[in-house]
Amino acid sequence: MQTNGRHLLFLALLALLLTVMLPSAVQAQAATPAPTPAPADDLERVKSAGKIVIGTAANYPPFEYYNSDFQLDGFDIALMKQLAQRMGVKPEFQDYAFDGLLDALQLGQIDVAIAAISITPDRQQRVDFTNIYYYSSDAALVQSSFSKSLRSPSDFKGLKIGVERGSTFNAWAQQNIVEQDFTPQANLVTYDDMDSMVRDFSQRRHRRCPVEQLPADAIIQRFPELKIGGARLNTQQLAIAARKGSSLIERINRALVNSQADGSFAKLVNEYLSGAAGSTPSATPTPIPPVPTVAPPPTSTPPAKPPCYQGMTLEAHVNLNDNNMTSPPVMAPGQQFTKRWRVRNSGTCAWTTGFRLIYVNGNSTASRMGGANEPIGIKVEPGQTVDLAVDLRAPKAPGLYQGFWQLSTPQQYHFGQVLPVGIQVPQPAPPPPPPPNVLDPHLRSDASEVFAGQCTTIRWDVDNVNAVYFIDAGSIQGVGGHDWRTVCPGKTSTYKLRVVARNNTITEFPITIRVTGGAEATISFTADRKNIDAGQCTTLRWKVENVNAVYLNNEGVAGVSSRETCPSRTTDYQLRVIKRNGAEERRNIRITVNAAPPPPPPGGPIISSFYGDRNNIGVGQCVNFTWRTSGSQGINFYRSGIALLQAGPTSGGLQDCPGSVGVYDYTLDAYNNAAHTSQAVTVQVR
């Protein structure tokens, strides 16, 4: 989820006033120089081209989003389509990272930007804004059991608050709550995206979330344990942005006024914003706040060199083009694949090796498709074209999946066009019905191809027969109708199931197990948690098979084992494997140790230890959790927000066997009359 300026996800959107001003573009003072000045005939150029290129950031419903048909939709999208029609041109939308929209304007890649952009003094220095087309106000989401009203910054005293990093509410909370000493800096928890913040809040890892009301209404429907605890904390003014001096501002303002006058604007409000209250322009409308005056530098000081601008343009889909989800590539359930895009550095800044390709959102929770945020690993100069790629795995459930990736600087500034990847996982074809009255024992094996020395299990199911025999070379064994045998062939072998029917006819069914080379080495090295606080512990786990020797930090260890470690500082652990051919392979894990968390409040409970014996399992497998606490009256135990145990023992254990693929957050919440404290463990089910 992009940050840096739209209202924080958890701020409930209150429709205070829908006002379109009379035409009068605001001119910024002491604006930062753009790479190229905006042409005086911006409007004429758009008319000549017959289209207006509109930048948006389509992950903020109800203003802009992809609908169920994978098409751009939302209030801002519908509004720009209407305004373009009034201007006599066609709208062309381009999806960008929200942070980079103003850079895209100044680089001339788009004509205007609309994405629930709020007017701020910093932005007025960089671009011009149209008349305000929407006012919104923030609110705060709280747990339903929270009884206090949040009407001013002082009401947040001592509370732990979750905010979206770089958002307007992030800045507001910093200035009005933290810097006014209503709560310590450690209590302001920032997040890169909305999903992480919602998940943590639902699991009670922080106490309050500031958000916008229309998104908050949808969140409350999904999470009935939440409610709105306060509103009208920080008013925002939404407008359309264009380059400095653009002649499009006056023309868009005129179209806005006409839309308000003939009722078209109100229809869009009713359709997309649930009929929020609005008003028509008055004869003396409230002006847009003026741009703060910046004093010119002394004449003896040379002008500062203008900053560079981040830009990225999608040139082509190198492979697996979903054609805007009209023909997404077909993938088998669980199939691994690599998606590649060809992009160009269309900005004036060089990209360093630390720039990352990151996942931001998708049409479902599975749309990440197992992809990891990775540094691009190369330096890319302005104008240079490169291929970027992510390794993905198709979800196992049938459906259409579309995910979106963006480029990000090491400072977490997202920019450039959004990089989509879309696939479809088809419904499995039902097996053809067996011919009538034909004997079918459903003979199958767990694996039809193994390495020499490996084993597999052959299974069958047959009813209403006189006898069944399993034939392994010269050995004939009488077996049950619903039975199995494990075989470990040294070479490719064929086994047979002999079935004697009720009429005493005999039919033999063959099954072949192919044997390839010797067993290959398998290496797995994981940690339950890679990021801990000082004084906490984590467990290293490894599973290494078909090798000569295994060493953990040069200490010989068993091939399949685990070790609990409690480092006092950030520490690297290395698993060194000596293969059967003498070659070495190494795997590394860094355990990052943060400063010790603040001590619990006087009389608060302490969690001495909390861990599960595995953090990567298959469907149907189980994880055994154990915990020890002190100073607590009991514990609550949650799986991804769902209570598995309430008022449990202060020290004990619990086994859980999740039944479907996914990533689960297990939270232990220890409590007494004074306070709560919690710890979490993440488990992936494959």
Side-chain angles (χ1 to χ4, degrees), residues 142-148 158-160 162 184 186-187 189 199-208 223 225-226 526-541 562-568 591-617 621-659 663-685:
V142 299
Q143 297 287 341
S144 57
S145 59
F146 186 73
S147 58
K148 182 179 178 181
L159 298 182
K160 193 173 183 181
N187 276 3
V189 184
R199 183 175 64 249
D200 275 10
F201 187 48
S202 67
Q203 295 172 3
R204 296 192 240 182
R205 295 184 185 170
H206 49 83
R207 302 285 302 280
R208 310 291 166 257
F223 299 94
E225 68 271 21
L226 306 181
T526 62
D528 285 1
R529 290 192 295 165
K530 295 183 180 180
N531 194 305
I532 62 176
D533 293 328
Q536 291 184 328
C537 300
T538 186
T539 300
L540 302 174
R541 306 180 191 276
S562 64
R563 177 171 296 179
E564 185 179 64
T565 181
C566 310
S568 60
I591 304 301
T592 301
V593 179
N594 305 312
I606 296 174
I607 298 177
S608 304
S609 68
F610 172 49
Y611 65 91
D613 63 348
R614 291 188 291 178
N615 68 345
N616 193 311
I617 62 174
Q621 293 181 324
C622 302
V623 182
N624 295 302
F625 296 92
T626 59
W627 62 85
R628 295 195 305 272
T629 70
S630 60
S632 66
Q633 295 176 326
I635 65 95
N636 296 323
F637 191 89
Y638 303 90
R639 184 216 301 141
S640 296
I642 298 174
L644 301 182
L645 177 63
Q646 291 186 310
T650 58
S651 296
L654 180 147
Q655 184 183 79
D656 189 50
C657 311
V663 177
Y664 298 86
D665 289 332
Y666 290 86
T667 303
L668 182 76
D669 184 13
Y671 62 87
N672 61 21
N673 290 333
H676 285 247
T677 186
S678 63
Q679 288 186 18
V681 171
T682 298
V683 174
Q684 179 171 359
V685 180

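Remember, predicted model here, so these are calculated numbers, not experimental data.
Side-chain contact check for V623 versus N615: every heavy-atom pair is 4.5 Å or farther apart. Under the 4.5 Å side-chain criterion, counting only non-hydrogen atoms from C-beta, K160 is in contact with V189. At a threshold of 4.5 Å between non-hydrogen side-chain atoms, the residues N636 and L645 do not count as touching. Here the side chains of T538 and T565 are in contact, with some heavy-atom distance below 4.5 Å.
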ring-ring contact (aromatic ring centres under 6.0 Å, His included) between F637 and F625, intermediate numbers included: CA-CA 10 Å; F637 191 89; F625 296 92; 5.3 Å; yes
Yes or no on side-chain contact (heavy atoms from CB on, under 4.5 Å) for V685 and Y664, after CA distance, side-chain angles and deciding distance? CA-CA 8 Å; V685 180; Y664 298 86; 3.6 Å; yes
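Atom CD1 in I635 sits 12.0 Å away from atom NE2 in H676 (nearest 0.5 Å). Rounded to the nearest 0.5 angstrom, R529 CZ and F610 CZ are separated by 8.5 Å. To the nearest 0.5 Å, atom OG1 of residue T626 and atom CG of residue L668 are 10.0 Å apart. Expressed to the nearest 0.5 Å, how far CD of Q679 lies from OG of S608 amounts to 9.0 Å. For the atom pair L540 CG and I591 CD1, the distance stands at 5.5 Å (nearest 0.5 Å). Expressed to the nearest 0.5 Å, how far CD of E564 lies from OG of S609 amounts to 7.0 Å.
The list of salt bridge (charged side-chain N to carboxylate O under 4.0 Å, His left out) pairs with a residue in residues 649-658, not counting sequence neighbours, reads R639-D656.
The side-chain contact (heavy atoms from CB on, under 4.5 Å) test applied to R614 returns I617, Q621, not counting sequence neighbours. With sequence neighbours excluded, the residues forming a side-chain contact (heavy atoms from CB on, under 4.5 Å) with P184 are N187, listed by chain and number. With sequence neighbours excluded, the residues that form a side chain to side chain donor-acceptor pair (under 3.5 Å) with N531 are N594. Contacts of T650 classified as side-chain contact (heavy atoms from CB on, under 4.5 Å), with partners at least two apart in sequence or in another chain: T629, S632. The side chain to side chain donor-acceptor pair (under 3.5 Å) test applied to T592 returns no partner, not counting sequence neighbours. Residues meeting the side chain to side chain donor-acceptor pair (under 3.5 Å) test with Y671, sequence neighbours left out: none. Residues meeting the side-chain contact (heavy atoms from CB on, under 4.5 Å) test with S651, sequence neighbours left out: R628. The ring-ring contact (aromatic ring centres under 6.0 Å, His included) test applied to Y611 returns no partner, not counting sequence neighbours. Checked against side chain to side chain donor-acceptor pair (under 3.5 Å), D528 has the following partners two or more places apart in sequence or in another chain: R541.
In this structure, the side chain of W627 does not engage the main chain of L654 through any donor-acceptor pair within 3.5 Å.
A670 and P605 make their closest contact through O-CG, 3.4 Å (heavy atoms, listed as atom of the first residue, atom of the second, distance). The minimum heavy-atom distance linking G631 with N672 is given by the pair O-ND2, 2.7 Å.
Inspection of the Q655 and N624 side chains reveals an N or O donor paired with an N or O acceptor under 3.5 Å.
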